[in-house]
Amino acid sequence: MLDIKQIRNQFDEVEAKLKTRGVASEKLYELRDFDAKRRELIIETEDLKKQRNEASEAIGLAKRNKEDASTAIAQMQEVSSQIKALDSELTFFDEKVTGILETLPNIPADDVPIGADEDDNVEVKRVGEVPNFDFEPQAHWDLGEKLGILDWERGAKVTGSRFLFYKGLGARLERALYNFMLDEHAKEGYTEMITPYMVNHDSMYGTGQYPKFKEDTFELADSDFVLIPTAEVPLTNYYRNEIIDGSELPIYFTAMSPSFRSEAGSAGRDTRGLIRLHQFHKVEMVKFSKPETSYQELDKMVANAGNILEKLGLAYRVVALSTGDMGFSAAKTYDLEVWIPSQHTYREISSCSNTGDFQARRAQIRYRDEAGKTQLLHTLNGSGLAVGRTVAAVLENYQNADRSITIPEVLRPYLGGVDVIK
């Protein structure tokens, strides 16, 4: 959530930046008017409360002196009635202000590329060699079926579309990948966590999924529980409504969890394969940082995600997302995209974002600095990596002419020495 004081005091700058994110100026004008009316009511209410207090004192004095207090009592009753009416009006405008603030995305950092969508993203760098095959590479879904390690048909039978069974070495490969990822992040200073796989609505609000993006989630009927769309939600909310000792910052968390996405609006996109599922595993990285070092922490997080791809020997590129393509809570985002041979293109496998104090304000996550002052910290999150997409990348990039799959060397210890899937 944005700071209403910043909107109030730097209105033109905020308007210009949010316009690059598709926010209509009319919404901000409306917010400014509601906020101005709310502030007027606060001043008026406080003045009336002062009058009520004075009348109360006059009543007390009159009673002590055994004097007639009826005039003062009538005055206090009239003032109390006015305060009640104003409080009702104030509640109305409070709700209007909060309602708009909840729908406004984060203000983009100054160096974020301005653009309407993914076509305006800016490539930062490419890492690794794209493989050259002397045969036509097959898609991972075909490879997985022929090797008997991915079963789409029975996944659809048991649950529905965008679900599957991993089987045998397919299941072991997935497990090997996320264990490898967690071990690497532990070396980089992340504390491994096992989180709840359901969270409450307050947690979804804290990280910015609610109320704007309810349609993208799976809610449990007749309860306050939601299946997590990413471990970012429970990890970030770990410190919700708490004050952290600033000497402990930065704090790094990592967790592997299932992620549940309704994929609303994705009909017809990536209907086959591991790229877009309703349920998938993801290793998440979350950081809590002081504001002055948060963008350095973002660069480190991108390097942490890249380290996994490099050790797996997978070619990838880093892309700075444009203002029109960033997520709701992000102030700046880098995507890492891995090469998928069958599609002859790079596909997103990690998204690393600095949300500034946007989530911290919603979730009231603060720290106490050296001077003893309490202030909002910055939160960061990133995939390290999306495990199913990594399986897809390994299958496609390490396939052989006989359709066997060579296991990347770093994964072999996690597979008991297996070096090929035949």
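- At a threshold of 4.5 Å between non-hydrogen side-chain atoms, the residues M193 and T191 count as touching.
- Of the possible donor and acceptor atoms, one in the side chain of H278 sits under 3.5 Å from a partner among the backbone N and O of R261.
- The number of heavy-atom neighbours closer than 6.0 Å to CD1 of I194, taken from other residues, nucleotides and ligands shown, is 12 or below.
- Between L309 and V127, every side-chain heavy-atom pair lies at or beyond the 4.5 Å cut-off.
- Remark: I243 CD1 to Q364 CD distance equals 9.0 Å, nearest 0.5 Å.
- Scanning both residues, Y190 and K287, for their nearest heavy atoms gives OH-CE, 3.2 Å.
- The ring of F328 has its center closer than 6.0 angstrom to the ring center of F358.
- Within the 3.5 Å criterion, the main-chain N or O of G372 finds a donor-acceptor partner in the side chain of D369.
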Apply side-chain contact (heavy atoms from CB on, under 4.5 Å) to the pair Y295 and L298, showing each step before the final yes or no.
CA-CA 5 Å; Y295 282 96; L298 177 60; 4.2 Å; yes
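- Between atom OG1 of residue T345 and atom CD1 of residue I340 there is a gap of 9.0 Å, rounded to the nearest 0.5 Å.
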Could you walk me through whether E232 and Q359 satisfy the side-chain hydrogen bond (donor to acceptor under 3.5 Å, both in side chains) test, starting with their C-alpha distance in whole Å, then the side-chain angles of each, then the deciding distance to 0.1 Å, before giving a yes or no?
CA-CA 11 Å; E232 170 201 342; Q359 291 179 330; 2.8 Å; yes
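- S289 pairs by the side chain to side chain donor-acceptor pair (under 3.5 Å) definition with T293, not counting sequence neighbours.
- Annotation: side chain of D325 is not in contact with side chain of T333 (no heavy-atom distance under 4.5 Å).
- In this structure, D335 contributes its side chain and L321 its backbone to no donor-acceptor pair below 3.5 Å.
- The closest side-chain heavy-atom distance from M256 to M181 is not below 4.5 Å.
- Salt bridge present: E184 and K187 bring a charged side-chain N and a carboxylate O closer than 4.0 Å.
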Yes or no on side-chain hydrogen bond (donor to acceptor under 3.5 Å, both in side chains) for H378 and S294, after CA distance, side-chain angles and deciding distance?
CA-CA 6 Å; H378 283 191; S294 66; 2.9 Å; yes
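- Ring geometry, F253 versus Y239: the interplanar angle falls under 30°, so the pair is classed parallel (tilted spans 30 to 60°).
- Side chain of T254 to main chain of E284: a donor-acceptor pair is present (N/O by atom type, distance under 3.5 Å, no hydrogens or angles).
- Within the 4.5 Å cutoff, the side chain of N237 has no heavy atoms near those of the N200 side chain.
- With Y334 as the aromatic partner, K332 does not meet the cation-pi criteria of under 6.0 angstrom to the ring centre and within 45 degrees of the ring axis.
- For the atom pair CD1 of I42 and CZ of R39, the computed distance is 8.5 Å after rounding to the nearest 0.5 Å.
- Atom CZ in R32 sits 11.0 Å away from atom CD1 in I4 (nearest 0.5 Å).
- Counting heavy-atom neighbours within 6.0 Å of E248 CD, excluding the residue itself, gives a total above 12.
- In this structure, S322 and D117 have side chains that are not in contact, with every pair of non-hydrogen atoms separated by 4.5 Å or more.
- Of all heavy-atom pairs spanning Y398 and G313, the tightest one is OH-CA, 3.7 Å.
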Take R389 and V338 through the test side-chain contact (heavy atoms from CB on, under 4.5 Å) and record every step on the way to the result.
CA-CA 9 Å; R389 294 188 179 201; V338 69; 5.8 Å; no
Test Y205 against E102 for side-chain hydrogen bond (donor to acceptor under 3.5 Å, both in side chains), laying out the working first.
CA-CA 9 Å; Y205 179 87; E102 287 175 341; 3.2 Å; yes
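- With hydrogens and angles disregarded, no donor-acceptor distance shorter than 3.5 Å links the side chain of R347 to the backbone of A393.
- H185 places a side-chain N or O within 3.5 Å of a backbone atom of G384 that can act as its donor or acceptor partner.
- Of the inter-residue distances, the one linking I349 atom CD1 with Y316 atom OH reads 11.0 Å to the nearest 0.5 angstrom.
- Taking a cutoff of 4.0 Å between a charged side-chain nitrogen and a carboxylate oxygen, E297 and K300 qualify as a salt bridge.
- Contact of the N381 side chain with the T230 side chain is not registered, since no non-hydrogen atoms from C-beta on lie closer than 4.5 Å.
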With side-chain contact (heavy atoms from CB on, under 4.5 Å) as the test, would you mind laying out the steps for D120 and I114 before giving the verdict?
CA-CA 7 Å; D120 297 308; I114 295 174; over 6 Å; no
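- In this structure, F225 places its CZ atom where only 12 or fewer heavy-atom neighbours from other residues, nucleotides or ligands lie under 6.0 Å away.
- A donor-acceptor pair is defined here as one N or O able to donate and one able to accept, closer than 3.5 Å; such a pair exists between the side chain of D402 and the backbone of S404.
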Show me the side-chain donor-acceptor pairs of residues 85-100 shorter than 3.5 Å, one per line, residues at least two apart or across chains.
from, atom 1, to, atom 2, distance (Å)
T91, OG1, D87, O, 2.9
D94, OD1, R38, NH1, 3.4
T98, OG1, D94, O, 3.0

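- How far OG of S80 is from CD of Q51: 11.0 Å, rounded to the nearest 0.5 Å.
- The shortest side-chain heavy-atom distance between L220 and L227 falls under the 4.5 Å cut-off.
- Contact detail for R362 and G206: the closest heavy-atom pair is CB-O, 3.6 Å.
- Between D357 and R361, at least one side-chain N (NZ, or NE/NH1/NH2) sits under 4.0 Å from a carboxylate O, which counts as a salt bridge.
- Pairing each heavy atom of F133 with each of N397, the nearest pair is CZ-O, 3.8 Å.
- Formation of a donor-acceptor pair under 3.5 Å by the S262 side chain with backbone atoms of E215 is found in this model.
- Summarising the geometry of M301 relative to G382, their closest heavy-atom pair is SD-N, 3.5 Å, with the distance given to 0.1 Å.
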Could you list the donor-acceptor pairs under 3.5 angstrom formed between side-chain atoms of residues 138-151 and any protein atom two or more places apart in sequence or on another chain?
from, atom 1, to, atom 2, distance (Å)
Q138, OE1, K146, NZ, 3.1
H140, ND1, E396, OE2, 2.9
H140, NE2, L274, N, 2.9
D151, OD1, E153, N, 3.3
D151, OD1, R154, N, 2.9
D151, OD2, R154, NH1, 2.7

May I have the step-by-step check of side-chain hydrogen bond (donor to acceptor under 3.5 Å, both in side chains) for T379 and T355, ending in yes or no?
CA-CA 6 Å; T379 62; T355 74; 2.6 Å; yes
Report the C-alpha distance between F165 and V158 in whole Å, list the side-chain angles of each, state the deciding distance to 0.1 Å, and finish with yes or no for side-chain contact (heavy atoms from CB on, under 4.5 Å).
CA-CA 10 Å; F165 282 94; V158 168; 3.8 Å; yes
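- Side chains of E219 and Y210: a donor-acceptor N/O pair is present below 3.5 angstrom, by distance only.
- Heavy-atom neighbours of E370 CD from other residues, nucleotides or ligands within 6.0 Å: at or below the threshold of 12.
- Using a cutoff of 4.0 Å between basic side-chain nitrogens and carboxylate oxygens, E292 and K290 are not scored as salt-bridged.
- When the shell of 6.0 Å around CD of E310 is examined, it contains more than 12 heavy atoms from other residues, nucleotides or ligands.
- At least one donor-acceptor pair closer than 3.5 Å links the side chain of S329 to the backbone N or O of T207.
- A distance-only check finds a donor-acceptor pair linking the side chain of T323 to the backbone of T20 [under 3.5 Å].
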